[in-house]
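Beneath this line is the structure, given in structure tokens, with notes to follow.
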Amino acid sequence: MQDNDHDAGVCQLDGFSERERPNVRQALVASYNNVLAPKVKMACMEAPIPVMTQRNRSPSTKQYSCTSHLATWVNQFSILLQRNLKERRHETFNSLRVFQVIAASLLGGFMWWHSDYRDVQDRLGLLFFICIFWGVFPSFNAVFAFPQERAIFVKEKASGMYTLSSYFMARITGDLPMELILPTLFLSITYWMTGLKPDLSAFMLTLMVLLGYVLVSIGLGLALGAFIMDAKQASTVVTVTMLAFVLTGGYYVHKVPPFVSWIKYVSTTFYSYRLLVYVQYGDGESVSSLLGCSTGGQGRDRATCRFVDEDICGQIHPALSVGILLIMFVGYRLLAYFALSRIRA
């Protein structure tokens, strides 16, 4: 029987044929999973992870790592920017907001229709009206940005979909083209209707000051919204803050009590108003001589000359105003980034 089995191709060991022997491989795998696998896994978890030090890290490895991280960051940034532009496009250019801006520009244009260069008080009121509208309007809208996106932001960040820096940069970069179109439209209507300085260079300088002021106001709203993270509370705080900035902006009150006079030095309205006045009247010498304020003639208007002396002549240097606004532009956004970094799920 053994010879016949051998001739038939069946091997017999220890009294068992190969057909009758159980699957050895499956038995070994089951034994490994039950006995050895837990021990190996525990040993791997307890073993220290080798760290590539600066000595054994080759330049090609460092370059590849930096390039890989940069490519990942750029990819995250581009995707988030596209998503933000699609979402913000409908929010920024909704019919109600466009109507609000156009209505305000037309109202201001009709109220100061072809104002006279010598009507200093009226012109200063127009410039301050522009500061009020474009200080409150963008900051109040920006304060809702992060509180409304908090739930989505926390969930996506916790899942590792993107880094905080890519999300933040996409958010503030996407705001730039969206938030600058409406102020440009507003000024294009109001500037020529009110008869401000009929010079293209003066118009462009006024537009640059206004757009910079809008960006700083947006940064203020983003910072307050990121720190408070509650839409109702943040809107209340930004309203009170802008009210303080407007009151100390330099138009309503000149003799501010000393214990609150420091507010104007942190006021975005104060520096923007000073720049708008400088674009229209310079250092004030031309309008002062035109009205006879510098000579003390009989035809001088004391009230108008007082506005010239207090609001135009001897004010803060425009370069200093620009520098402070640039610091505010960067500083408010850094504060917003710091506030977002403290948010936990």
Side-chain angles (χ1 to χ4, degrees), residues 100-101 103-140 182-184 186-197 202-203 205-218 220 238-256 260-261 263-284 287 291 301 303-318 320-322 324-325 328:
Q100 184 178 5
V101 172
S105 63
L106 291 175
L107 180 62
F110 288 132
M111 288 294 296
W112 283 275
W113 177 262
H114 289 179
S115 60
D116 194 337
Y117 178 78
R118 292 169 295 183
D119 293 334
V120 178
Q121 181 177 358
D122 289 347
R123 285 272 182 113
L124 295 179
L126 169 61
L127 298 177
F128 202 73
F129 161 73
I130 295 175
C131 288
I132 293 175
F133 185 79
W134 287 109
V136 176
F137 184 72
S139 61
F140 190 82
L182 291 181
T184 304
F186 172 91
L187 190 66
S188 300
I189 297 173
T190 305
Y191 191 92
W192 304 110
M193 288 182 65
T194 55
L196 290 174
K197 197 173 182 179
F203 170 76
L205 287 175
T206 304
L207 179 61
M208 292 175 61
V209 173
L210 179 61
L211 296 182
Y213 179 46
V214 169
L215 293 178
V216 174
S217 299
I218 292 173
L220 174 62
V238 76
T239 302
V240 175
T241 303
M242 288 307 304
L243 179 62
F245 285 176
V246 166
L247 291 178
T248 57
Y251 179 77
Y252 291 125
V253 184
H254 293 93
K255 296 180 180 180
V256 182
V260 292
S261 61
I263 299 179
K264 73 177 182 179
Y265 296 110
V266 296
S267 169
T268 58
T269 306
F270 173 75
Y271 300 104
S272 302
Y273 174 62
R274 299 263 42 95
L275 288 174
L276 292 177
V277 172
Y278 184 81
V279 172
Q280 295 298 316
Y281 290 102
D283 55 6
V287 68
L291 297 174
D301 186 345
T304 303
C305 290
R306 183 178 179 182
F307 270 93
V308 173
D309 295 337
E310 294 181 350
D311 286 64
I312 299 177
C313 299
Q315 293 295 329
I316 186 172
H317 197 276
L320 181 59
S321 298
V322 172
I324 295 176
L325 287 176
M328 291 181 176

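Hydrogens, waters and symmetry mates are skipped; everything else that's a heavy atom, side chains included, is used. The first residue in the sequence is number 1, and the count goes up from there.
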Output the distance between atom OG1 (Thr206) and atom OH (Tyr191), rounded to the nearest 0.5 Å.
4.5 Å
Thr248 and Ser267: which non-hydrogen atoms are nearest, and at how many Å?
OG1-CB, 4.1 Å
Give the intermediate values and the outcome of side chain to side chain contact (heavy atoms under 4.5 Å, CB included) for residues Val209 and Tyr278.
CA-CA 11 Å; Val209 173; Tyr278 184 81; over 6 Å; no
Measure the CD1-NZ distance between Ile316 and Lys264 for me, rounded to the nearest 0.5 Å.
9.0 Å
Thr190 side chain to Leu187 backbone, donor-acceptor under 3.5 Å
no
Check the orientation of Phe133 and Phe137. Use parallel for under 30°, tilted for 30 to 60°, and perpendicular for over 60°.
parallel
Between Tyr117 and Tyr281, ring centroids under 6.0 Å:
yes
So which atom in Met328 and which in Val216 form the shortest heavy-atom distance, rounded to 0.1 Å?
CB-CG1, 3.8 Å
Tell me, with the steps shown, if Thr269 and Tyr213 meet side chain to side chain contact (heavy atoms under 4.5 Å, CB included).
CA-CA 8 Å; Thr269 306; Tyr213 179 46; 3.0 Å; yes
Between Trp134 and Ser217, does the side chain to side chain contact (heavy atoms under 4.5 Å, CB included) criterion hold? Intermediate values first, please.
CA-CA 8 Å; Trp134 287 109; Ser217 299; over 6 Å; no
Say you draw a straight line from CZ of Phe203 to CG of Leu210; how long is it, rounded to the nearest 0.5 Å?
9.5 Å
When you measure from the side chain of Tyr273 to the backbone of Ile130, do you find a donor-acceptor pair of N or O atoms at a distance under 3.5 Å?
no
Kindly write out the residues that satisfy side-chain contact (heavy atoms from CB on, under 4.5 Å) with Ile189, not counting sequence neighbours, or none if the list is empty.
Ser105, Leu106, Leu185, Met193
For Tyr265, what residues pass the side-chain hydrogen bond (donor to acceptor under 3.5 Å, both in side chains) criterion, not counting sequence neighbours?
none
Would you give me the side-chain donor-acceptor pairs under 3.5 Å for residues 120-129, sequence neighbours excluded?
residue, atom, partner, partner atom, Å
Arg123, NE, Ser115, OG, 2.8
Arg123, NH2, Ser115, O, 3.0
Arg123, NH2, Gly195, O, 2.6

On a heavy-atom basis, which atom in Ala244 and which in Ile263 lie closest, and how many Å separate them?
O-CG2, 4.0 Å
Does the side chain of Thr194 come within less than 4.5 Å of Trp113's, by heavy atoms?
no
Go through the steps for Leu275 and Val322 under the test side chain to side chain contact (heavy atoms under 4.5 Å, CB included), then give the verdict.
CA-CA 8 Å; Leu275 288 174; Val322 172; 4.0 Å; yes
Do Ser272 and Leu325 make a side-chain contact, defined as non-hydrogen atoms from C-beta onward lying under 4.5 Å apart?
yes
Minimum heavy-atom distance Lys197-Ala202, with the two atoms named
CD-CB, 3.8 Å
Nearest atoms (heavy-atom pairs only) where Leu211 meets Pro183
CD2-CB, 3.9 Å
Is any side-chain heavy atom of Val253 closer than 4.5 Å to a side-chain heavy atom of Leu247?
no
Do Gln280 and Leu196 touch side chain to side chain, with heavy atoms closer than 4.5 Å?
yes
